[in-house]
Number of protein chains: 2
Amino acid sequence: MSEAGIERRSGVALWRQIADQIRQGVGAGLSDESGRLPTELALAERFGVNRHTVRTAIQALVQEGVLRAEQGRGTFIERQPRLSYPIGPRTRFSEGLGGQARELRGNLLDHAYEEAPEAVAEALEIAPGAPVLRLDTMAEADGRPISRARSYFDAQRFRGFERHFARTGSITMAYRHFGVSDYLRRSTTISARHADSADLEILKLSPGAIVLVALGLNVDQAGRPLQFSETRFSADRVELQVGNTT
Amino acid sequence: MSEAGIERRSGVALWRQIADQIRQGVGAGLSDESGRLPTELALAERFGVNRHTVRTAIQALVQEGVLRAEQGRGTFIERQPRLSYPIGPRTRFSEGLGGQARELRGNLLDHAYEEAPEAVAEALEIAPGAPVLRLDTMAEADGRPISRARSYFDAQRFRGFERHFARTGSITMAYRHFGVSDYLRRSTTISARHADSADLEILKLSPGAIVLVALGLNVDQAGRPLQFSETRFSADRVELQVGNTT
DNA sequence: TCTAGTTGTCTAGAACAATAGACAAATCTG
DNA sequence: CAGATTTGTCTATTGTTCTAGACAACTAGA
């Protein structure tokens, strides 16, 4: 389904196009079993560019942690398969990735009490401008940044939520302190875009990287909105799974 | 959550980054009610670049049909909001976009009877190497390419499927000829990546564009696998909707 | 009609990307 | 060890992108 097509004068540097293709090819059969990439010269011929251009692409991928170059030996793939993140009525971060990573951690980056922007107020079914708690978080699996999120809560109902989250690192746990023993994911809207500069910094991505953007609304058992959030996943590290697996 | 962040020396030309941001901003509140973009000079200051760089970006978007520039008046948005594509147990292309576009069409690009690749065989629960029908299709809404898909069917059960699809332009209709009156989407796996050259050509995208990739498995009422497919959506034109809207 | 504000066009130079060639340094094989 | 293969570093040149400034062409409002 893919092809080694390189466009000149397209506004995207050749080395970046090649880097993107190699990054993709790492999943498919670009390398042999040993995880060894073709030589720089072979890649240069294949893409129809100079060896130095290929080198620039490889250096960028080494920087990203996708490849590892060894002088005299060759260039090798640093295997790190995508985590599969399930999305459904019972979407929960910590349980979702269970078993796929050894260490999962949610970190609180920032929080503030603010007036609800229009879209937030509508989703939470409160008045525009009503006070909301904004929570900026990020999550790591085995030390690799996986996602960052901005969540909004009704401030009247959840004042002090951030302290409970910071202590436990879990949204589910923090809810308990407010009498919410269970909740459901009512809807999720998924799109994708290029990472912005904050994404690059927080998720440790390189320019041009892609993020999956999931807008989600959680509701309590009575169907009342609890939390409206935008989560950004590094598209290189995560895929989203809708429905059961099998 | 987004920011006017422009990365220099990133391998992506400034004009292209700016074009991407403007294309995105067209959905959000980059323009006032009248659909008029800020002036070239204002945009140049906002992004911290020269006016000519902004002009290059705008020209690319005019070419794409996203903007329209009028000398002496300003630059205006050619409104085309993202289509929202619902994903759930009853995912069907034609119904999913109902109401959001006037004209929907599915086109058959190519088909062939082949031996099942490993991943396909596993998904369809048939023997590796067993004969399968591969169907390459693309879909347009109001003349704009929306998605392309590669689907696999068990050749023993669905021989001749491609003729019924080509005639009706509908998977659902084609199933009827094989006694399948209803089917369910068992699972969908969503990821995102840069468009490859075939994507660029078929979906009429510009280099560096993003595609949402959905791997889906349809099953019949008895739970037997019917169809395994990979669909690629232009991320600029489509978002995926999981769960109900309200 | 005049003026202010906007997009369109041109020229020239600076910064960056890509090519080309040569050779060093490390690794593996025989 | 000798030779072949591969990645690493350096220099020089060419082509593309970005900046800078000036002015033309068009529009809208006073």
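A note on names: the letters A, B, ... follow the listed sequences, proteins ahead of strands, and every chain is numbered from 1. Basis for what follows: all heavy atoms, side chains included, without hydrogens, waters or symmetry-related copies.
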Is the shortest distance from a Lys or Arg side-chain nitrogen in [X] or [Y] to a carboxylate oxygen in the other one below 4.0 Å?
{"X": "A:Asp136", "Y": "A:Arg148", "answer": "no"}
{"X": "B:Glu114", "Y": "B:Arg134", "answer": "yes"}
{"X": "A:Arg68", "Y": "A:Glu78", "answer": "yes"}

Does B:Arg51 make a side-chain donor-acceptor contact with the base of D:dG21, cut-off 3.5 Å?
->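 Counting by modelled atom types and ignoring angles, no donor-acceptor contact under 3.5 Å is found here.
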Is any side-chain N or O of A:His52 under 3.5 Å from a base N or O of C:dG21, one able to act as donor and the other as acceptor?
->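 Yes, a donor-acceptor pair under 3.5 Å.
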Nearest whole angstrom, please: distance from the [atom2] of [N] to the [atom1] of [X].
{"X": "A:Arg55", "N": "C:dA25", "atom1": "CZ", "atom2": "C1'", "result": "12 Å"}
{"X": "B:Gln63", "N": "C:dG8", "atom1": "CD", "atom2": "P", "result": "13 Å"}
{"X": "B:Arg36", "N": "C:dT6", "atom1": "CZ", "atom2": "P", "result": "6 Å"}
{"X": "A:Leu67", "N": "D:dT7", "atom1": "CG", "atom2": "P", "result": "11 Å"}
{"X": "A:Asn50", "N": "D:dT9", "atom1": "CG", "atom2": "P", "result": "17 Å"}
{"X": "A:Trp15", "N": "C:dT19", "atom1": "CH2", "atom2": "P", "result": "14 Å"}

Measure the spacing between OH of A:Tyr85 and OG1 of B:Thr189 and express it to the nearest 0.5 Å.
->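 Those atoms lie 14.5 Å apart.
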If you look at every strand shown and take non-hydrogen atoms under 4.0 Å, does B:Thr56 touch a base, only sugar-phosphate, or nothing?
->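 Result for B:Thr56 = nothing.
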Please determine if a side-chain N or O atom of B:Thr53 lies less than 4.0 Å away from the OP1 or OP2 oxygen of D:dT17.
->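 For D:dT17, neither OP1 nor OP2 has a side-chain N or O of B:Thr53 closer than 4.0 Å.
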Atom pairs, N/O to N/O, protein against nucleotides 27-30 of chain C, distance under 3.5 Å?
from, atom 1, to, atom 2, distance (Å)
C:dC28, OP1, A:Arg73, NE, 3.0

Indicate the atoms forming the closest heavy-atom contact of B:Val12 with B:Gln17, along with that distance.
->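 Heavy atoms only, the tightest pair is O-NE2, 2.9 Å.
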Considering all heavy atoms of both residues, which atom of A:Ala141 and which atom of A:Leu83 are nearest to each other, and what is their separation?
->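 Distance-wise, the nearest heavy atoms are CB-CD1, 3.9 Å.
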Heavy-atom distance under 4.5 Å between the side chains of B:Leu215 and B:Thr188, does that happen here?
->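 They are not in side-chain contact.
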Please tell me if the side chains of A:Leu203 and A:Val211 come closer than 4.5 Å, counting only heavy atoms from C-beta onward.
->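 Of all side-chain heavy-atom pairs linking A:Val211 with A:Leu203, at least one is under 4.5 Å.
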Which ranges of DNA chain C pair up as stems, where a stem means three or more consecutive Watson-Crick or G-U pairs with both distances under 3.5 Å?
->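 Stem segments, range with range: C:1-30 with D:1-30.
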